[in-house]
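Right, one structure below, let's go through it.
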Amino acid sequence: MGGLGKFLKKRWGVVVLVLGILAWAAQIIGPGLLLLAAGVAVAYFLLSAPLRCIALGRQGRCRNNAQGLLRGCWIREHKWQGFKALRGGDEAQGPGSVMTQDRQQKSASLGVAVGVLSAIVACADFVFK
C-alpha cells in the first residue's frame, strides 16, 4: 500500500470530517449528512485514532500506543482510563492538560472540538432553514 493508502487507513476520521465540512460548505450535501460525518469523526477521535495512552502510572504518563482519547493501551488497567482523566481525577493536572499533553492529543482534541462544532452548525441549519 502506498503512502496515501496508509494515511487513509490510519486517519480515515480526519478525512471524513474534512470532506464533510467542505461538501457542506459547497452545498453538495445537506445538514443531515454533515451531522452524520461529524458524529462519525467524533467517534473516531474518541475511540479509534492512533494516539499515546494517557493513563497515569507510577513513573508518570504511560507512553504506549493507544486507540482514541478515551481508550487506553494494551495494559488492562489502562483501558478506559481516559474517562477518569477527563473527569480531572489527577491531583496535579486538570482535564485540560491531559488532553493537550502532546501533539497527537492536541490534534485529536481539536478534531473532537471541530466535530462537535460541525454538529451544532448542522443542527442550527436544520432549525433555521
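None of the values given here were measured: they were computed from a predicted structure. What you see below is based on every heavy atom in this structure, not just the backbone, and it leaves out hydrogens, waters and symmetry mates.
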Do [X] and [Y] land in one hydrophobic cluster if side-chain heavy atoms of ILVMFWY residues count as linked below 4.5 Å?
| X | Y | result |
| --- | --- | --- |
| Val121 | Phe126 | no |
| Val114 | Leu47 | yes |
| Leu35 | Val15 | no |
| Leu33 | Leu117 | no |
| Leu22 | Leu110 | yes |

Practice prompt. Please name the pair of heavy atoms, one in Ala37 and one in Gly20, separated by the smallest distance, quoted to 0.1 Å.
Written response: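 Scanning both residues completely, I find the closest heavy atoms to be CB-CA, 4.3 Å.
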Practice prompt. Taking all heavy atoms of Ala38 and all of Ala119, pick out the closest pair and write down the distance.
Written response: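 In terms of heavy atoms, the two residues are closest at CB-N, 3.8 Å.
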Straight-line distance of [X] [atom1] to [Y] [atom2], nearest 0.5 Å:
| X | Y | atom1 | atom2 | result |
| --- | --- | --- | --- | --- |
| Arg11 | Ser48 | CZ | OG | 10.5 Å |
| Ile28 | Leu34 | CD1 | CG | 12.5 Å |
| Cys53 | Gln67 | SG | CD | 11.5 Å |
| Cys123 | Phe128 | SG | CZ | 11.0 Å |
| Arg103 | Leu51 | CZ | CG | 10.5 Å |
| Arg71 | Cys73 | CZ | SG | 11.5 Å |

Discussion item. Taking the side chain as everything from C-beta on, heavy atoms only, tell me whether Trp12 gets closer than 4.5 Å to Val40.
Written reply: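 Yes; the side chains approach each other to less than 4.5 Å.
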Worksheet item: So do the side chains of Tyr44 and Leu17 get within less than 4.5 Å of each other, counting heavy atoms only?
Response: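 Tyr44 vs Leu17: side chains apart.
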Fill in: Asn65 backbone acceptor or donor facing Arg52 side chain under 3.5 Å
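No; judged by distance alone, with no hydrogens or angles, the pair does not exist.
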Item to complete: Give the C-alpha distance, both sets of side-chain angles, the deciding distance and a yes or no for side-chain hydrogen bond (donor to acceptor under 3.5 Å, both in side chains) between Trp24 and Asp125.
Response: CA-CA 11 Å; Trp24 178 76; Asp125 195 13; 3.2 Å; yes
